[in-house]
Amino acid sequence: MENIVEFSHVSMEFPGIRANDDISLAIRRGEIFALVGENGAGKSTLMNILYGILTPTAGEVTIKGQQVTSFSPKNAMQQGVGMVHQHFMLVPSFTVAQNIVLGREPKKWGLFCDGTAARDAVRELTAEYGLQVNPDDTVRDISVGLQQRVEILKTLYRGADILILDEPTAVLTPQETDELFAMLRKVVAQKGMTVIIITHKLYEVMAISDRVGIMRQGKLIGVRETAQVSERILASMMVGREVLQDPVEKTGQPGEARITVNDLWVPDNRGLPAVKGLSLEVHAGEILGIAAIEGNGQSELLEAITGMRPYAGKIFVGGRDIVGLSPGQIRDLGLAHVPEDRLATGVDSQASITDNLLVGKHRNPQFTRLGFHMNRRAVDAYAKEVYDRFDIRSSGLETAAGSLSGGNMQKVVIAREFSFDADIYVIAQPTRGVDIGAIEFIHQRILEKRAAGAAVLLCSADLDEVLRLSDRVITIYEGQITGQFDRDHLDKEEIGYYMTGSREEAAHEKEN
């Protein structure tokens with residue numbers, strides 16, 4: 001099979017770190033190639049070189065037999081390379097069609113954007129690739145999963161036949177993941193496209209890829225035919241040791257209610273009801289997991305509890321009614337929050353790692369002098385201890401959080417929130433875009449908080465994660481609880497039915 005992309009002794013250095021170290025790799029035309037490795041292993045850096053965002057320090061890159069002499073996204077796109085980044089690059093106020101054709105708009109009379117032609121082009125594209133979206137929807141009003149589709153369609157519209165997907169399923173539900181994989185297989189089989197997937201989800205590597213490249217600490221450890229390896233072998237190659245995710249033993253009895261929600265109604269961004277009369281309790285010493293397909297009100301529920309969204313009804317945190325309280329005041333009640341979108345609400349992307357780790361603690365007496373001067377020595381010592389304990393990988397503590405890989409950015413959020421002495425944790429997507437070694441670490445920290453008596457409300461698009469960690473699970477569909485399951489009755493298939501509303505509808509039909 002013909003090689004469509006070749007890296008020859010490619011290295012990439014940043015101040016204080018060698019992100020890629022003498023990498024030689026060939027990717028074949030018409031294959032699905034997976035690139036795996038821990039956060040900071042150099043996967044995204046290597047693909048950013050291929051897409052022209054970075055110019056390598058050393059080595060050569062060849063695309064379709066031609067050596068790349070000038071690295072830029074424009075040149076990469078001209079050679080048929082497209083990239084969908086982990087953090088989307090869409091204009092929220094534009095429609096789906098406007099985002100897809102942006103920069104290559106069909107013209108009317110050679111001067112104006114032809115909106116009708118743009119919508120028709122998007123409809124043809126969605127029909128061709130089986131990725132259905134409404135061209136007239138505004139991007140800020142659609143789910144994260146649909147935004148992912150828009151990013152992919154935008155790349156395909158530009159004629160890419162080498163498609164790079166950086167953590168493509170991190171924001172997708174299981175159903176959307178299946179649809180994405182079906183589309184990828186179709187375009188590879190019918191159009192001869194080459195797809196490169198950067199991922200941490202090894203079961204997805206096994207499900208979709210033809211070959212897999214494993215990176216560790218900037219080096220390419222090896223390339224294997226997917227059919228000849230297992231998840232266990234890949235995990236060991238990624239982290240350099242055996243990685244086990246054994247079932248969690250769930251013991252102990254829950255205590256008093258730390259979060260109480262009564263008859264809660266929460267609007268979405270359009271003012272329509274996203275949560276509809278929902279009630280729940282989360283007790284000390286337990287993890288309550290939320291299982292729901294994206295866009296069914298779980299995000300709005302967590303935002304209401306943490307003070308980020310208005311609501312009607314009653315919410316009590318630590319026994320106190322939080323109506324009218326700000327997120328900071330709710331935090332002072334003993335609540336720590338890992339938000340769903342780390343880039344939008346989890347970190348200050350322009351601030352350093354140190355400053356991000358200190359958020360919420362900057363007024364603590366140990367970090368101030370006379371109540372208003374920062375004690376830099378104490379701040380730096382604290383940040384270094386947390387940085388090391390949570391294995392955040394970067395060129396240093398003064399690195400801007402926004403320049404970190406997605407997984408390391410998530411570690412900054414986890415490290416900050418888990419360093420609070422909190423009684424209540426509201427956690428959304430704790431391991432989205434995080435490698436298998438870090439997943440193991442984060443899961444252990446969550447279980448430690450539960451064992452220490454904290455109440456944990458956990459929401460994750462990864463159903464396996466919810467089932468592994470939770471003592472109880474509730475399913476939410478269209479803003480309402482459709483099922484509740486205790487630790488002895490956590491059946492994945494059964495819960496999946498309730499997530500789609502199927503059992504609720506069946507019960508309603510039976511009553512009638």
Side-chain angles (χ1 to χ4, degrees), residues 1-12 20-37 41-54 56 59-69 71 73 75-85 129 152 155-156 158-169 180-216 218-231 233-234 237-238:
M1 190 179 291
E2 174 193 359
N3 292 334
I4 195 168
V5 172
E6 295 182 56
F7 298 91
S8 180
H9 301 289
V10 169
S11 294
M12 185 71 215
N20 291 154
D21 189 357
D22 193 28
I23 292 176
S24 294
L25 169 67
I27 297 172
R28 302 165 183 165
R29 183 185 296 275
E31 75 171 340
I32 300 178
F33 185 90
L35 196 60
V36 303
K43 310 179 300 297
S44 294
T45 299
L46 189 66
M47 291 301 102
N48 282 335
I49 290 172
L50 178 58
Y51 189 55
I53 294 174
L54 298 172
E60 296 179 354
V61 179
T62 302
I63 300 174
K64 301 175 183 174
Q66 294 186 340
Q67 182 181 338
V68 179
T69 56
F71 289 84
N75 290 342
M77 285 188 282
Q78 288 175 346
Q79 292 178 289
V81 179
M83 185 169 184
V84 177
H85 298 272
Y129 290 100
I152 293 173
T155 303
L156 295 173
R158 284 155 176 75
D161 58 1
I162 302 171
L163 181 61
I164 306 167
L165 302 174
D166 191 354
E167 297 291 347
T169 65
L180 172 65
F181 285 178
M183 184 275 293
L184 294 178
R185 293 188 188 98
K186 178 180 177 181
V187 297
V188 168
Q190 297 183 2
K191 301 181 181 298
M193 284 187 65
T194 300
V195 177
I196 305 170
I197 297 179
I198 306 170
T199 183
H200 296 111
K201 299 180 180 180
L202 298 185
Y203 63 90
E204 292 181 355
V205 172
M206 303 303 297
I208 190 63
S209 68
D210 300 301
R211 292 192 304 149
V212 54
I214 305 95
M215 295 186 67
R216 187 168 74 238
K219 294 180 179 291
L220 183 67
I221 300 301
V223 177
R224 300 287 187 271
E225 298 287 337
T226 305
Q228 297 176 4
V229 294
S230 65
E231 289 185 38
I233 290 171
L234 291 177
M237 293 178 72
M238 281 172 56

> If we only count heavy atoms from C-beta on, is the E231 to Y203 side-chain gap below 4.5 Å?
Replying inline: yes

>> So which atom in M215 and which in I23 form the shortest heavy-atom distance, rounded to 0.1 Å?
In response: CE-CD1, 3.3 Å

> side-chain contact (heavy atoms from CB on, under 4.5 Å) with V68: which of N75, V61, V81, T62?
Replying inline: V61

> Considering all heavy atoms of both residues, which atom of S24 and which atom of L220 are nearest to each other, and what is their separation?
Replying inline: O-CD2, 3.4 Å

> Under the side chain to side chain donor-acceptor pair (under 3.5 Å) test, which residues partner E2, sequence neighbours left out?
Replying inline: R29

>> Just verifying a value: how many Å separate L163 CG and M193 CE, rounded to the nearest 0.5 Å?
In response: 4.5 Å

>> Is the shortest side-chain heavy-atom distance between E31 and I4 below 4.5 Å?
In response: no

> Are T194 and R28 side-chain neighbours, meaning at least one heavy-atom pair lies under 4.5 Å?
Replying inline: no

>> Quick check for you: to the nearest 0.5 Å, what is the distance between I152 atom CD1 and L180 atom CG?
In response: 5.0 Å

> Listed by chain and number, what are the salt bridge (charged side-chain N to carboxylate O under 4.0 Å, His left out) partners of D161, not counting sequence neighbours?
Replying inline: K64

>> Can you confirm whether Q66 is buried at CD, in the sense that more than 12 heavy atoms of other residues, nucleotides or ligands lie under 6.0 Å from that atom?
In response: no

>> Exactly one of V36, L184, D166 should register a side-chain contact (heavy atoms from CB on, under 4.5 Å) with I197. Which one does?
In response: L184

>> Measuring from atom CD of E204 to atom OG of S209, what distance do you get when rounded to the nearest 0.5 angstrom?
In response: 10.5 Å

>> If I take atom OG from residue S44 and atom CD1 from residue I49, how far apart are they, to the nearest 0.5 angstrom?
In response: 11.5 Å

> Got a sec, which residues hit side-chain contact (heavy atoms from CB on, under 4.5 Å) with R185, two or more places apart in sequence or on another chain?
Replying inline: F181, I208

> So do the side chains of M237 and V212 get within less than 4.5 Å of each other, counting heavy atoms only?
Replying inline: no

>> I need the F33 CZ to L25 CG distance, nearest 0.5 Å.
In response: 4.5 Å

> Between atom CG of L54 and atom CG of N20, what is the distance when rounded to the nearest 0.5 Å?
Replying inline: 8.5 Å

